[in-house]
Amino acid sequence: MNILVTGGAGYIGSHTVLALMERGHHVVVLDNFSNSSPKVMPRLEALAGNPIPLCQVDLRDGDTVFDVLVSHKIDAVIHFAALKAVGESCEQPLQYFDNNVSGTISLLLAMQKANVLRFVFSSSAMVYGDTEHETLSENTPRSANNPYGRTKLMIEEIIQDHCAADTNFKAAILRYFNPVGAHPSGMIGEDPRGTPNNLMPYLCQVASGKREKLSVFGNDYPTPDGTGLRDYLHVMDLARAHADALDYLQSQSKNLTVNLGTGSASSVLDMIHAFEQANKLKIPHEIIGRRPGDVTRLCADPGLAKELLSWESRHDLLQMCADAWRWQSKNPEGYNS
Ligand code: NAD
Ligand code: UDP
């Protein structure tokens with residue numbers, strides 16, 4: 001298939017481009033580089049052994065998106081492009097609704113006009129909000145507690161309404177838990193701008209000496225060691241799930257909503273210990289207060305992804321930590337190294 005990957009220069013998108021090409025698909029990347037670097041492209045081409053067409057376009061420019069869909073004879077779209085920082089979304093909610101929600105509507109309208117009928121969407125565990133559930137299945141009630149999460153909830157509903165109105169259009173909604181790690185080559189990985197918000201990139205920058213110590217946000221949660229629990233999964237496993245979801249849309253011609261996680265929860269202290277063990281390093285850290293807006297626990301029930309897609313996570317925490325560190329140590333300044 002000819003596949004357009006929006007946000008294909010970003011962290012998860014870039015890994016997915018390779019997973020799709022490994023399955024024989026032709027991939028076109030669309031990105032406005034608002035949170036990524038064009039320097040990822042030659043590295044992707046070297047890893048794939050083939051050129052990858054790149055369109056520097058903003059999603060909200062619907063006419064140009066339509067031209068891209070038609071000129072590249074696109075059969076399916078995998079839609080990663082979004083803003084994703086929770087804190088920033090509280091400060092700039094309108095920018096988030098404009099970029100994420102309006103951007104998706106613009107893309108869906110262009111797809112409708114170009115008669116492109118297969119769609120895979122990056123949703124998030126954030127749509128479950130602050131929940132008491134031990135593990136989250138796809139029918140756990142949803143309620144986001146920040147503007148970023150609400151953009152994902154709204155987009156899910158827009159997609160569902162569109163699928164109901166056009167039964168030829170088939171969509172997969174993938175709810176990711178916490179992707180970490182990097183391609184085993186160490187050539188592509190997560191390259192956050194400025195101070196990292198997320199645990200793994202921060203851990204990596206402490207390990208490299210770029211940051212003095214890791215702040216652990218709270219040890220008074222109702223969890224075994226008091227720190228927050230998350231379901232971390234390897235980005236290579238997550239990338240593969242997109243190719244599986246696309247196969248499902250093609251073979252079953254049915255819509256799909258699935259969680260993508262490992263089904264096991266790790267605390268912040270578990271992650272520090274795994275990183276130290278995998279990479280034979282010490283991570284200086286101190287416990288500070290809770291981060292506003294944080295939830296205690298988010299852990300997937302990944303049973304449906306296994307049942308419908310035969311998808312399961314294949315990497316453990318030690319591999320996630322080793323691969324994250326290989327990328328960081330080979331590229332201390334990310335794509336500017
Ligand atoms: P990322 O920021 O690395 O990648 C997103 C890409 O989209 C960037 O390259 C950015 O330049 C591009 N982009 C943003 N707005 C655009 C626009 N209007 N037009 C064109 N390009 C645009 O983020 P990521 O971590 O790879 O996340 C990919 C997707 O997965 C996002 O939708 C995110 O919300 C979702 N997600 C991520 C996580 C995570 O922890 N990384 C968890 C759950 C869901
Ligand atoms: N966390 C932390 N220190 C950091 C970054 C994150 O203690 O510098 C904790 C955070 O409180 C949460 C877990 O690590 O319990 C995962 O946070 P991340 O931001 O990576 O993911 P999210 O909260 O979005 O699921």
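Side chains included, hydrogens not; waters and symmetry mates left out as well; all remaining heavy atoms used. Whatever order the structure lists them in is the order used to number ligands and atoms, beginning at 1.
Of the protein's non-hydrogen atoms, Leu199 N, 2.9 Å is the one closest to atom 20 (O) of ligand 2. The protein non-hydrogen atom at the shortest distance from atom 9 (C) of ligand 2 is Val268 CG2, 3.6 Å. Here the heavy atom of the protein found nearest to atom 21 (O) of ligand 2 is Asn178 ND2, 3.1 Å. Atom 12 (C) of ligand 2 has its closest protein heavy atom at Arg230 NH2, 3.7 Å. Annotation: atom 18 (P) of ligand 2 to nearest protein heavy atom, Asn198 ND2, 3.5 Å.
With a 4.0 Å heavy-atom cut-off, ligand 1 is reached by the side chain of Asn99 but not by its N, CA, C or O. Counting heavy atoms under 4.0 Å from ligand 1, residue Asn100 does not touch it at all. With a 4.0 Å cut-off on non-hydrogen atoms, Tyr148 touches ligand 1 through its side chain and not its backbone. Neither the backbone nor the side chain of Thr227 has a heavy atom within less than 4.0 Å of ligand 2. With a heavy-atom cut-off of 4.0 Å, Val86 does not touch ligand 2 at all. Only the side chain of Tyr232 comes within 4.0 Å of ligand 2, judged by heavy-atom distances. Counting heavy atoms under 4.0 Å from ligand 1, residue Met126 does not touch it at all. Within the 4.0 Å heavy-atom criterion, neither part of Ala125 lies near ligand 2.
Of the listed options Pro179, Ser106, Ser34, Cys55, Ser34 places a heavy atom closest to atom 14 (C) of ligand 1. Of the candidates Ser37, Ser123, Ser122, the one placing a heavy atom closest to atom 44 (C) of ligand 1 is Ser123. Distances from atom 2 (O) of ligand 1 to the heavy atoms of Asn32, Val5, Asn35, Val235 show the closest one on Asn35. Atom 1 (N) of ligand 2 has its nearest heavy-atom neighbour, among Tyr148, Phe177, Phe217, in Phe217. The option with the heavy atom closest to atom 17 (O) of ligand 2, from among Gln205, Met126, Arg291, is Arg291.
A salt bridge is defined here as a Lys NZ or Arg NE, NH1 or NH2 lying under 4.0 Å from an Asp or Glu carboxylate O, and Arg23 with Asp244 meets this definition. By the 4.0 Å N-to-carboxylate-O rule, Arg240 lies too far from Glu22 to be salt-bridged with it.
When all heavy atoms of Leu47 and Ser185 are compared, the pair lying nearest together is CD2-OG, 3.7 Å.
Without hydrogens or angle criteria, Lys39 side chain to Ser36 main chain gives no donor-acceptor distance under 3.5 Å.
For the ligand labelled ligand 1, residue Asn178 lies outside the 4.0 Å heavy-atom shell. The closest approach between a heavy atom of Arg175 and any atom of ligand 1 is not below 4.0 Å. For Thr6, the heavy-atom gap to ligand 1 stays at 4.0 angstrom or more.
By the 3.5 Å distance cut-off applied to N or O atoms, Phe177 is not counted among the residues near ligand 1. For a threshold of 3.5 Å applied to N or O pairs, the pair formed by Tyr176 and ligand 1 contains no separation below that value.
Interface of Asn197 with ligand 2, defined as ligand atoms under 4.0 Å from a residue heavy atom, comprises 5 (C), 19 (O). Residue-ligand proximity, Leu214 to ligand 2, at heavy-atom distances under 4.0 Å covers atoms 8 (O). If you number the atoms of ligand 2 from 1 as listed, the ones under 4.0 Å from a heavy atom of Val216 come out as 7 (O). The distance from ligand 1 to the heavy atoms of Ser36 drops below 4.0 Å at these ligand atoms: 8 (C), 9 (O), 11 (O). Under a 4.0 Å criterion applied to the non-hydrogen atoms of Gly228, ligand 2 contributes the atoms 15 (O). The ligand atoms of ligand 2 that sit less than 4.0 angstrom from a heavy atom of Asp294 are 10 (C), 11 (O), 23 (O).
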Passes ring pair (Phe, Tyr, Trp, His ring centres under 6.0 Å), Phe275 versus His285? Steps please.
-> CA-CA 13 Å; Phe275 195 94; His285 59 276; over 10 Å; no
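Follow the hydrophobic side-chain contacts under 4.5 Å out from Leu59 and you reach Phe169 in the same cluster.
Residues Phe80 and His242 place their aromatic rings such that the two centres sit under 6.0 Å apart.
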